[in-house]
Amino acid sequence: MPQDPSSRRSPERTAPGPGSLDVYSCGTSMPLSVPDACRTYDHICASDKLIRMLKDSWESRQDAPAVEFHSLLPAPRKVLLAAARLAEQGARVAILSTGDSLYNGLGSTLLGVLYDAWDLCGPQDMARLPFTISFHPGITAFQFLCHKVGIAWSDAELFCAHHSAIQPWRVLQARTAMIYGGLPLTAAMLAQKLCDFDPGSANRQCVLAENLETEGEHIHLCTLAEAAALRTSPTSILMLLPGGHRPRPLPLGLEDAHFRFENHCLTNRYVRPVVLSCLRLPSQGVLWDLGAGSGSVGLEAALLQKELTVCAVEQFPSRCDNIRANVDRLGVPNLSLTMGDILQVMPSLPAPDRVFVGGGGKALPLILKQALARLDAANPDARLVVTAITMETVAMLTQFDKGECVEALSLDIAVRTPMSSARYSFLAPANRIHLFTFRPRS
């Protein structure tokens, strides 16, 4: 367990006046300037690897300064908060980060800690900190790898599997994509996940790199299928190249094969685009998917708007299992699932900007009333969309007066179906679908 830095403060090296907190991005290996810069600090917080590198550098000069070292593991947020408290007391503190600290690194974590501890709202509030803070840049492992293999990355899309799932759809859509691997998904496992999602991409050209700038460094130029067969370190990067890239369609009206579902609990693929159009999806905000079934509407919304938070609610355990499987397959980090009765769950959900109701049974009128009450009537784009098949539900929605009905439509869909004779086919009609769009009354 790491020792709390505040309990190991070196009194003889306390800096006069306000303290300071300096964050150094060390790239794939420590820059030559960092060891000299770190000689002036009272405390240094870093990974065990960087601490060893720093000590080795100083010992080779035989004049190592008296500095207190603090390992960031296994509780980096706790150590970062203690480091900030030391700076508050007047100490000079350095934090060393691998890669670029502000790209999925310690710098990002530190900012979250500072914002919480000092109740900051953004960069404009940083002057309120009781110490000075500075970030010293360094190249990312992405940049290092591109320079090492000679690949222009000005048009590349960056992804990271450290803290959230990746979206195979978005990764494969990019002509050049770079993904940080880690635990639980190493670069090889990421390659396998992409191949599983789209077997046709198995021959796509890629670069797999692991342990850059160490004795265990390996760089492979291969196909995705070949990368998936490798055993790699968690410290790894997968780079997808334009060779073998297949343009991908918009994730709208996905084929049924993309979803796991039971019985007919799947919104028709031709209906989903109309539902999403009626919702007027925002780029950010919260969408409720109530009575989610297979989750198909919420999942497509999450794929189309990656910064939209989708809250799915489903009461049946088997359907919840299907939703979780679909979330994992599509790699959708911005959809959360709550299992339970819709009326009981709604009060605990964050306030919505849009609501889709795909089910509700006899409780549907009350569900609509309570959901409309949570929408912001002052927002002209606030929408609740509900679908119906039965005449009884259509009759209820036609008479529903707890919200303003701004749109109502029906869809008759017929799909080409082969007849017993291979020479002929006919258009088989599906159930007529009715859509109602409501706004909250002012």
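- In this structure, Phe400 and Cys405 have side chains that are not in contact, with every pair of non-hydrogen atoms separated by 4.5 Å or more.
- A side-chain donor-acceptor contact under 3.5 Å links Glu300 to the backbone of Leu254.
- Using a distance-only test at 3.5 Å, with no hydrogens or angles considered, a donor-acceptor pair links the side chain of Arg354 to the main chain of Arg280.
- Looking at Leu252 and Leu303, their side chains never come closer than 4.5 Å, going by heavy atoms from C-beta outward.
- A cation-pi arrangement, defined by a distance under 6.0 Å to the six-membered ring centre and an angle within 45 degrees of its axis, is absent between Arg383 and Trp288.
- A distance of 13.0 Å separates NE2 of His258 from OG of Ser294, quoted to the nearest 0.5 Å.
- Between Asp196 and Lys193 there is no salt bridge, since no side-chain nitrogen of the basic residue lies less than 4.0 Å from a carboxylate oxygen of the acidic one.
- Using a cut-off of 4.0 Å between Lys/Arg side-chain N and Asp/Glu carboxylate O, Arg248 and Asp198 are scored as salt-bridged.
- Rounding to the nearest 0.5 Å places CD1 of Ile237 at 13.0 Å from SG of Cys206.
- The structure places OG1 of Thr338 at 11.5 Å from CG of Asp289, a figure rounded to the nearest 0.5 Å.
- The only option from Tyr180, Phe135, Phe159 that meets the ring pair (Phe, Tyr, Trp, His ring centres under 6.0 Å) definition with Tyr103 turns out to be Tyr180.
- Classified by interplanar angle (parallel below 30°, tilted 30° to 60°, perpendicular above 60°), the ring pair His70/His43 is parallel.
- Side chain of Arg204 to main chain of Leu172: a donor-acceptor pair is present (N/O by atom type, distance under 3.5 Å, no hydrogens or angles).
- No donor-acceptor pair closer than 3.5 Å links the side chain of Asn211 to the backbone N or O of Thr214.
- Residue pairs meeting the salt bridge (Lys or Arg N to Asp or Glu O under 4.0 Å) criterion with at least one member in residues 138-153, sequence neighbours excluded, are Lys148-Glu213, Lys148-Glu217.
- A donor-acceptor contact shorter than 3.5 Å links the side chain of Glu314 to the backbone of Gly293.
- Counting only distance, with no hydrogens or angles, the side chain of Thr398 and the backbone of Val394 share a donor-acceptor pair below 3.5 Å.
- The backbone N or O of Ser233 lies less than 3.5 Å from a partner atom in the side chain of Glu210, making a donor-acceptor pair.
- A salt bridge (Lys or Arg N to Asp or Glu O under 4.0 Å) check over residues 429-442, counting only residues at least two apart or in different chains, returns the pairs Asp412-Arg432.
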Please set out all donor-acceptor pairs under 3.5 angstrom arising from side-chain atoms of residues 345-353, sequence neighbours excluded.
residue	atom	partner	partner atom	Å
Ser348	OG	Val345	O	2.7
Asp353	OD2	Val286	N	2.8

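- Crowding of Gln124 atom CD: a count of heavy atoms from other residues, nucleotides or ligands under 6.0 Å exceeding 12.
- The backbone N or O of Glu262 sits nowhere less than 3.5 Å from a side-chain atom of Arg319 that would complete a donor-acceptor pair.
- Rounding to the nearest 0.5 Å places CG of Leu129 at 9.0 Å from OH of Tyr115.
- For Asn334 (side chain) and Gln305 (main-chain N/O), a donor-acceptor pair under 3.5 Å exists by modelled atom type.
- The shortest distance between side-chain heavy atoms of Leu81 and Lys78 does not fall below 4.5 Å.
- The line from CG of Asp100 to CD of Gln143 is 7.0 Å long, rounded to the nearest 0.5 Å.
- Not a single donor-acceptor pair under 3.5 Å links the side chain of Arg92 to the backbone N or O of Tyr41.
- Separating the CG atom in Leu72 from the CD1 atom in Ile51 is a distance of 7.0 Å, to the nearest 0.5 Å.
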